[in-house]
Amino acid sequence: MKFEILAPAGSQESLVAGVRCGADAVYLGGKVLNARRNAGNFNDAELERAVAYCHQRGVKVYLTMNTLCRDSEMEEAYALVKKSLSYGVDAFIVQDLGVIQMIKSCFPDAKLHGSTQMSIVTPEGVHALKEMGISRAVLPRELTAEEIAEIREKTDLELEMFIHGALCMSVSGQCYLSSMLGQRSGNRGLCAQPCRLSFSADNSKSFDLSLKDLSLIRQLSKIKQLGVISLKIEGRMKRPEYIAAAVTAVKKAIDNEYSIKDEILLKSVFSRSGFTQGYFNNEMSREMFGIRQKEDVVAANDVLKELSHLYDNENPLVPIDLKLECLRDNPVKLTASALGKTVAVTGDIPEAAVNKPMSREGLEERLSKLGGTQFYAENVEIILDDGLILPVSKINALRREAVQKLSETERKRVKAFPIEKVNPKSAEGKPYFTARFADAEQIPDRHPFERIFIPVWSDIEDFIDNRAGVELPRGLFGKEEQLETRLLQLKRAGVKNALCGNLGAYKLAEKLGFNVFGDFGLNVFNSSAAGQIHSPILSFELTIDEANQINSEDTGIIAYGRLPLMLTRNCPVKYNIGCEKCRKNGFLTDRKGIVFPVVCSPYPCVEILNSVPLYMADRMREIKTDFIHFYFTDESKEDVEKITVFYKNGSRADFDYTRGLYYRGVL
């Protein structure tokens, strides 16, 4: 198995740097609908040239469409896919369930890769991708080697993983910190990285949400054993010199030539107090945390010029086979094969040599002079009659013409079906109520909720006594078999409903025969996505108007609760003050003194909640969805009773609250 080196390309110069240093594929974004909208990115003409440049060098191009898409943007997404396919884009990296459905129904020949933004962390999640027609899963950075091995053992999809670059604190696709604090959504490609600022578990102004950069370049032999085929480098916002250094380092590692000198160079060009392998090695600790310091910046300044020379010139990476036929009384003919193509060009009729005739060795040497191109001569065959001569300039011209023809690209014909237009939903009536409770002790004896859910680890008696459904965890790393066993117990006890905010959990509960309901973690952002999920709780990154217009059966929004801003596998409290001091009452304080609760669970993730609850009781007339959902976290039973009365009466809150993004929206 040969690894694919997958390089980021946030600009044309970065693309050239990655290709010239040996990338087998690049991933890049158009001007819209990609998860790095602040990168340079590529307009239509630039994208077409970029694809041609890469394909002329045997390099694949994957277009990032890994953001959430509004109903009003779906036609724009359709147009982008159609144009990109005509340019020859090899695959699309996707997140949004609606975009996936649009591409598969309108462009049956398109190849799709499931973005890490889809939060696929279990074998069942990868199975779900395959059912959708996705051919590759981009694995989350938080997986351990053992968890990757389990996925590989139970699935046959192509697997891609990040081996170098920035490491987010939150599970990808489950971070709402940037959007809630400043409308710049990571799910929309505009993350402002507030996590790199001070969020402290002990009020010391420490940086407890900032991790060091990931580097698994020394782990390639183990990664190969895991069956991963694509080695992804993060960095579409990084300089070309960074791309060049990272691709070169990975290439050296594949060839067993990676040294401590190369690692020092990589740290110099960009790091946050060094690198970490913590998740992969299942060694989470305080050592995983780091920030960009002055010495890191100074080190980069010293190596940037040196690194720029790595991609100064064309690197001959593409093998070419040449066959020259030079026969008496016939035009000379040169046949060239490369990049899966074969071309033939003809020239003049050779003359009889007066003095020194051409030799096979001389012609082979002349044809092999491919300097300044992407090609190198692998096999050269010469068929030559004795005693002939042809000017050197004519041989050179034949070689140049053949290379030019091999490098030509044409637009492709695209098989496309028209996109279905979605009309906004016109809803009437009063929404019904549903709720989740962090603890069964919060549930009032009498309540107005048609469906209630409690966490999967709650006592079975609590499910029975409250006729509650089960809330499945979003962060299910390595726990799928354990969850399945638990769900079967609950099913035997009479539990029927399951609330699922992860695609793998959704499919597992569905397979086991539960009535499955979609939670906010599925990031349902448009009508097409909503139509694929039963009774979905829509993304709270939508505005009220956008949510009201989602045209699908039985949709709802979270109308009350401390919204989860991050789902993290690495607990920021545990690795600062420790669990003994926390006692499940952890919190983070930002640089302004605002406090954010941190909630742990028996499963391997914690949630960081917003500082104040979302509150919409006095704006209920504006909500036209079929139901509203209450997200109860740290409220007492008395608090719950009080809040439900407020919502029945449309009362104003007598506590601090937020309207979330329902009137601000995300950019």
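Source: prediction; values computed, not measured.
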Flag this pair as yes if the NZ/CZ of Arg49 is under 6.0 angstrom from the six-membered ring centre of Phe42 and inside a 45 degree cone about the axis; otherwise no.
no

Heavy-atom pair with the smallest gap, counting every atom of Ser170 and Glu142:
O-OE2, 3.4 Å

Taking Ser115 for its side chain and Met118 for its backbone only, find out whether a donor-acceptor pair lies under 3.5 Å.
no

For residues Tyr279 and Phe477, determine if any side-chain heavy atom of one lies less than 4.5 Å from a side-chain heavy atom of the other.
no

Glu607 and Arg474 ion-paired at < 4.0 Å:
yes

Are any side-chain N or O atoms of Arg196 and backbone N or O atoms of Leu211, one a donor and one an acceptor, separated by less than 3.5 Å?
yes

I'd like to know if the side chain of Ser178 reaches the main chain of Ala192, judged simply by a donor and an acceptor atom lying under 3.5 Å from each other, with no hydrogens or angles considered.
yes

Can you name the closest pair of heavy atoms from Ala249 and Leu266 and give their distance?
CB-CD1, 3.7 Å

Under 4.5 Å between any side-chain heavy atoms of Leu220 and Phe3, yes or no?
yes

To the nearest 0.5 Å, how far apart are CG in Leu216 and NZ in Lys222?
10.0 Å

Are Ile608 and Pro572 side-chain neighbours, meaning at least one heavy-atom pair lies under 4.5 Å?
yes

Under 6.0 Å from the ring centre and within 45 degrees of the ring axis: does the NZ or CZ of Lys238 meet both conditions for the six-membered ring of Phe270?
yes

Whether the Arg591 and Ser198 side chains hold a donor-acceptor pair (N or O, under 3.5 Å, no angle test) is what I'd like checked.
no

Nearest heavy-atom contact between Leu157 and Ser135 is CG-O, 3.6 Å

Is it the case that Arg236 and Thr64 place a side-chain donor and acceptor less than 3.5 Å from each other?
yes

With a cut-off of under 6.0 Å to the ring centre and 45° to the axis, is Lys212 in cation-pi contact with Phe289?
no

Taking the side chain from His127 and the backbone from Leu508, do they hold a donor-acceptor pair closer than 3.5 Å?
no

I'd like to check Ile233 versus Tyr27 (side-chain heavy atoms, cut-off strictly below 4.5 Å). Are they in contact?
no

Please check if the number of heavy atoms outside Glu408 that lie under 6.0 Å from its CD is greater than 12.
yes

Using modelled atom types and a 3.5 Å cut-off, is there a donor and acceptor pairing between side-chain atoms of Ser200 and backbone atoms of Ser204?
yes

To the nearest 0.5 Å, what is the distance between CZ on Arg272 and NZ on Lys267?
15.0 Å

Pick out which of Leu209, Val598, Val606, Leu588 makes a side chain to side chain contact (heavy atoms under 4.5 Å, CB included) with Met566.
Leu209

At their closest point, which heavy atom of Leu190 faces which heavy atom of Arg184, and how far apart are they?
O-CB, 2.9 Å

Indicate whether the side chain of Asn315 and that of Gln374 have a donor and an acceptor atom separated by less than 3.5 Å.
no

Just checking, Arg57 and Tyr53: is the charged tip under 6.0 Å from the six-membered ring centre and within 45° of the axis?
yes

Using 4.0 Å as the upper bound for N to carboxylate O, is an ion pair formed by Glu4 and Arg136?
yes

Show your working on side chain to side chain contact (heavy atoms under 4.5 Å, CB included) between Lys479 and Gln482 and close with a plain yes or no.
CA-CA 5 Å; Lys479 300 289 186 180; Gln482 182 179 332; 3.3 Å; yes

Quick one: pull up CG in Leu181 and CG in Asp590 and give me the separation to the nearest 0.5 Å.
7.5 Å

What I want to find out is whether Arg152 reaches Glu147 closely enough, with some N-O distance under 4.0 Å, to be called a salt bridge.
no

Decide side chain to side chain contact (heavy atoms under 4.5 Å, CB included) for Gln277 and Gln219; before the verdict, give the C-alpha distance in whole Å, the side-chain angles of both, and the deciding distance to 0.1 Å.
CA-CA 9 Å; Gln277 302 179 26; Gln219 298 271 14; 2.5 Å; yes

Please confirm whether Arg286 makes a cation-pi placement over Tyr575, using NZ or CZ under 6.0 Å from the six-membered ring centre and within 45° of the ring normal.
no

Assess whether salt bridge (charged side-chain N to carboxylate O under 4.0 Å, His left out) is satisfied between Asp312 and Arg20, documenting all intermediate values.
CA-CA 9 Å; Asp312 276 346; Arg20 286 185 174 176; over 6 Å; no

Nearest 0.5 Å, what's the CD-OG1 distance between Glu234 and Thr116?
11.0 Å

How long is the span from the OG atom in Ser172 to the CG atom in Asn66, to the nearest 0.5 Å?
9.5 Å

Return the minimal non-hydrogen interatomic distance between Val247 and Gly18, and the atom names on each side.
CG1-O, 3.9 Å

Quick one, Thr144 with Asn281, criterion side chain to side chain contact (heavy atoms under 4.5 Å, CB included). Give me CA distance, side-chain angles, the key distance, then yes/no.
CA-CA 6 Å; Thr144 67; Asn281 293 337; over 6 Å; no

Do any N or O atoms from the side chain of Thr248 and from the backbone of Ala245 form a donor-acceptor pair under 3.5 angstrom?
no

For a quick check under 3.5 Å, do Glu541 and Ser179 share a side-chain donor-acceptor pair by atom type?
yes

Do the side chain of Ser206 and the main chain of Asp208 share a donor and acceptor less than 3.5 angstrom apart?
no

Please test Leu214 against Phe275 for side chain to side chain contact (heavy atoms under 4.5 Å, CB included), starting from the C-alpha separation and ending with a verdict.
CA-CA 6 Å; Leu214 167 76; Phe275 297 139; over 6 Å; no

Can you tell if the side chain of His164 reaches within under 4.5 Å of the side chain of Phe162, non-hydrogen atoms only?
no

For a quick check under 3.5 Å, do Tyr506 and Glu124 share a side-chain donor-acceptor pair by atom type?
no

Hey, could you give me the CZ/OG distance between Arg218 and Ser259, rounded to the nearest 0.5 Å?
7.5 Å

Centre-to-centre under 6.0 Å for Phe207 and Phe199, is that the case here?
no

Any donor and acceptor pair, going by atom type alone, linking the side chain of Glu378 with main-chain N or O of Pro319 inside 3.5 Å?
no

Is the backbone N or O of Met288 less than 3.5 Å from a side-chain atom of Asn570, with the two atoms forming a donor-acceptor pair by type?
no

Electrostatic pair Lys232-Glu160, nearest N-O below 4.0 angstrom:
yes

Quick check: closest heavy atoms across Ser210 and Ile291, and the distance to 0.1 Å?
OG-CG2, 3.7 Å

Among Val89, Asp90, Ile93, which residue satisfies the side chain to side chain contact (heavy atoms under 4.5 Å, CB included) criterion with Leu63?
Val89

Any Lys/Arg nitrogen of Asp202 or Lys581 sitting under 4.0 Å from an Asp/Glu carboxylate oxygen of the other?
no

Would you call the rings of Tyr62 and His113 parallel, tilted or perpendicular, where under 30° means parallel and over 60° means perpendicular?
perpendicular

Using modelled atom types only, decide if a donor and an acceptor are shared between the side chain of Gln174 and the backbone of Gly521 within a distance under 3.5 Å.
yes

side-chain hydrogen bond (donor to acceptor under 3.5 Å, both in side chains) evaluation trace for Asn187 with Gln95:
CA-CA 9 Å; Asn187 282 318; Gln95 172 191 10; 3.0 Å; yes

